[in-house]
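Structure, as structure tokens:
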Protein chains: 2
Amino acid sequence: MSIPGKKGASLATLKDLSRHLGLSVTQISRALNGHSDVNEATREKVMAAARQLRYQPNLSARKLATGRSGTVGLVVPAPSHAANDALFVQMISGLSHNFSKLDVRFLLHIADERDDPVAVHRKLVDSAALDGFVVVDSRVDDPRVHFLQRREVPFVLHGRTLEAVDYPYFDIDNYAVGHRLTKHLTALGHRRIAFLNGMDGRSYSLARMRGYADALAAVGERFDPALHRNGEMRQSVGLVETIRLMENQTNRPTAFIAGNSLLAKGIYEALEALSLSIPGDVSVVAHDDLLPAPETAAMHPPLTVTEAALQDSWEPMARLLVGALEGQPLEALQLIGDIRFVERRSVGPAPRG
Amino acid sequence: MSIPGKKGASLATLKDLSRHLGLSVTQISRALNGHSDVNEATREKVMAAARQLRYQPNLSARKLATGRSGTVGLVVPAPSHAANDALFVQMISGLSHNFSKLDVRFLLHIADERDDPVAVHRKLVDSAALDGFVVVDSRVDDPRVHFLQRREVPFVLHGRTLEAVDYPYFDIDNYAVGHRLTKHLTALGHRRIAFLNGMDGRSYSLARMRGYADALAAVGERFDPALHRNGEMRQSVGLVETIRLMENQTNRPTAFIAGNSLLAKGIYEALEALSLSIPGDVSVVAHDDLLPAPETAAMHPPLTVTEAALQDSWEPMARLLVGALEGQPLEALQLIGDIRFVERRSVGPAPRG
DNA sequence: CCGATTATCCGAAGCGCTTCGGAAATGTGC
DNA sequence: GCACATTTCCGAAGCGCTTCGGATAATCGG
């Protein structure tokens, strides 16, 4: 491939523009970057010449001068299971697309399961390649967040680690999700309510569990660890956990809450296999991330859910990170997305014990 | 997020090491980069200090000095259909993972359908952010390739555009795929052989078609455009195209070749729906990329295929691109992966007309 | 008409790295 | 002991950009 270093049509630089226009490099730079002390007429000329010569600033040079490279990164493991592929694709596409709309480049690092996420971030930070990070799948006490905060590297978190936080994030009110779904069931008399929650240690799982526990407490019901399960949110998990929970003949749950629609699908499948009807024998509700499949409205019976499109996270995530890079105040960088409660046909009154 | 530009624990630079060791910056740089004119003892000391101070070269600075940033890019559209998600995830993961093993960063740009791929590449090239590109889904006359060649930007292509090419690529022998599968069928007396091929304009589709046409010609059969279809390689496409092809009562194909296993699945489904048996009434063969699903060995009947794991492309792709960046000779940068012919139970002799 | 403000502009330095050309120190042969 | 080669080191320049501080010219008030 050609002689290394010898570029074919070498790129236009500020110096080229300077020569071309008989202006100093300084003034060209200031003109292009919208500084105030440059005559409007010359700015026009500079802009025109820049377009004509196809000038693009050299990002490495700019990075060196300003400390900002215009590139952000995401470090994620590959999807653990094919069922999560769609989610992964949506996330990657959403982020890449929205960053490029903001003229920011998006660096993706698919991490090995084995290696320490903090080490990967550190390496990227130390090589000064990135201005900031997107952090997803947040943990209740997330080491990546600690690291980035300590090093004062901008980032935006998908989720939150605790209640009071001092970094940019986009999240939905997961406490409300857990609370709302539970309350909907308790209002109809349900007391033994199983909750197939998300992965252990994830902040959204914890928040939802708290909402669930508090809504139970409100009707005098104690949180029963035997009815709460953490795990991957896949259909097969919903299937086996439901069967396990229904095994117990003496004190079966009368209702299920699913962390997402895939789990709910598994619950439906299990109940069907056990010849239990929804909502006659068992009620089911779920949170729906509005992934392409499965569609909760098309299930039999249609599933009652709280819904919030995960897909809608990526635009704000990109916007918030760029805001952070631009030094916007923290208040403007913390966003909570809406959730909607959609009542359908999967819930009935608790059967009489 | 903090005062922009003011880094918390600011990174170690060559100057720091220089001060620390009482050596010139030059010598530190040469020591770290393995140049010959540095005493082994001092090199040791430098290495040790670098480790201790957690020195990481500033890639932007290096880029400015050498023209190489250690970052490569991929521009792709988002998967057009959920059926392709798995493939997409495999590709992205495989590339990212293999590049990071080679200590190269991987920039992903999910392109909008609407915007011109060449323009996107141009912008990335002009901003001097990338050393080279991975180019996938190659076309018979690929504008991206033309652009990159003209600008002398290193790249590696997945596939080939023509027979005689002068750039790095990884490909499989798609001509052989088409030829082998067809010949297997003609040897058993089949003459009316339908081919559900990949997307129009893709180089692999063309190569396979040529192999198919030549193998037909070898038994005196003319290529019949009515029996050859280009399209997306999805199950539903296989289904409808098969039904359409079998509609023609007078001159039905006695065998099908599928571009991949998804298409084959659709063919199976259609033939089953039409109450046609495999291989009694119709024979089927396919090329199998060994995607996680569907498994051609587990189909009923097990499918005769040529197989080549797409998954195995990404390691060589990464290696070849890095080789190109390092200026290795072209001969070392063109690789053709193996294909295996696996005979199973989906083919029988042509039924007597 | 003059000193002071304002609008435009520019030179030079510096970001962290590599590399060219040469300098200093060490070793070699006779 | 000297001319020479070899080994090991260093200063300075430069990659393309931003920015600080100051320069120049135009404008203004009185």
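Just the heavy atoms: all of them, side chains too, but no hydrogens, waters or symmetry mates, feed the values below. To find a chain, count down the sequence lines: A is the first, B the second, and so on, and within it residues start at 1. Keep in mind that this is a model prediction, so the values were computed, not measured.
- Overall bending of the helix from dC1(C)-dG30(D) to dC30(C)-dG1(D), expressed as the angle between end axes built from five pairs apiece, is 40° (10° steps).
- Rounded to an integer number of Å, the gap from CG of L17(A) to C1' of dG16(D) is 12 Å.
- For Q27(B), counting side-chain heavy atoms from C-beta on, the closest listed nucleotide (dC9(C), dC17(D), dT8(D)) is dT8(D).
- To the nearest angstrom, C1' of dA24(C) lies 15 Å from CG of L23(B).
- The distance between atom CD of Q56(B) and atom P of dC17(C), rounded to the nearest whole Å, is 11 Å.
- Rounded to whole Å, the distance from CG on L32(A) to P on dT19(D) is 13 Å.
- Distances shorter than 4.0 Å separate none of the side-chain N or O atoms of S29(A) from OP1 or OP2 on dT19(D).
- Residue pairs that meet the ring pair (Phe, Tyr, Trp, His ring centres under 6.0 Å) test with at least one member in residues 16-57 of chain B, sequence neighbours left out, do not exist here.
- Residues passing the ring pair (Phe, Tyr, Trp, His ring centres under 6.0 Å) test with F133(B), sequence neighbours excluded: H121(B).
- Residue-level contact check: S60(B) touches neither bases nor backbone, having no heavy atom under 4.0 Å from any strand.
- When L21(A), V38(A), D16(A) are each tested for a side-chain contact (heavy atoms from CB on, under 4.5 Å) with I28(A), only one passes: L21(A).
- With dC9(C), dC17(D), dT8(D) as the candidates, the nucleotide lying closest to the side chain of N39(B) is dT8(D).
- dA7(C) atom C1' lies 13 Å from atom CD of E40(A), rounded to whole Å.
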- Message: The test is salt bridge (charged side-chain N to carboxylate O under 4.0 Å, His left out); show your working for R144(A) and D137(A) and say whether it passes.
- Response: CA-CA 11 Å; R144(A) 298 167 298 176; D137(A) 197 28; 5.7 Å; no

For nucleotides 13-15 of chain C, tabulate all protein N/O to nucleotide N/O atom pairs closer than 3.5 Å, reporting atom names and distance.
from	atom 1	to	atom 2	distance (Å)
dC15(C)	O2	L64(A)	O	3.4
dC15(C)	O2	A65(A)	N	3.4

Can you give each donor-acceptor pair under 3.5 Å made by side-chain atoms of residues 69-79 of chain A, sequence neighbours left out, with the distance rounded to 0.1 Å?
from	atom 1	to	atom 2	distance (Å)
S69(A)	OG	T71(A)	N	3.4
S69(A)	OG	A129(A)	O	3.2
S69(A)	OG	D131(A)	OD1	3.0

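- Counting only distance, with no hydrogens or angles, the side chain of S18(A) and the backbone of L14(A) share no donor-acceptor pair below 3.5 Å.
- If you take CD1 of I28(B) and P of dG16(C), they are 15 Å apart, rounded to a whole angstrom.
- Across R43(A) and A31(A), no two heavy atoms sit closer than the pair NH1-O, 2.8 Å.
- Between the side chains of S138(B) and Y169(B), no donor-acceptor pair of N or O atoms lies under 3.5 Å.
- Checking dC17(D), dT18(C), dT19(D) against every side-chain atom of H35(A), the shortest atom distance belongs to dT19(D).
- Here the closest non-hydrogen pair linking F170(A) and V156(A) is N-CG2, 4.4 Å.
- Residue N33(B) contributes atom CG, which lies 17 Å from atom P of dG16(C) at whole-angstrom precision.
- Atoms NZ (K63(A)) and C1' (dC17(C)) sit 14 Å apart, rounded to a whole Å.
- Toward the 5' end of DNA chain C, the nearer of the two residues G22(A) and V25(B), judged by each one's closest nucleotide, is G22(A).
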With 3.5 Å as the limit, what N/O pairs link the protein to nucleotides 20-22 of chain D?
none

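- Salt-bridge annotation for K123(A) and D126(A): absent, with no side-chain N of the basic residue lying under 4.0 Å from a carboxylate O of the acidic one.
- When all heavy atoms of Q149(A) and D166(A) are compared, the pair lying nearest together is NE2-OD1, 3.0 Å.
- Panel note: side chain Q56(B), backbone A12(B); no donor-acceptor pair is recorded below 3.5 Å.
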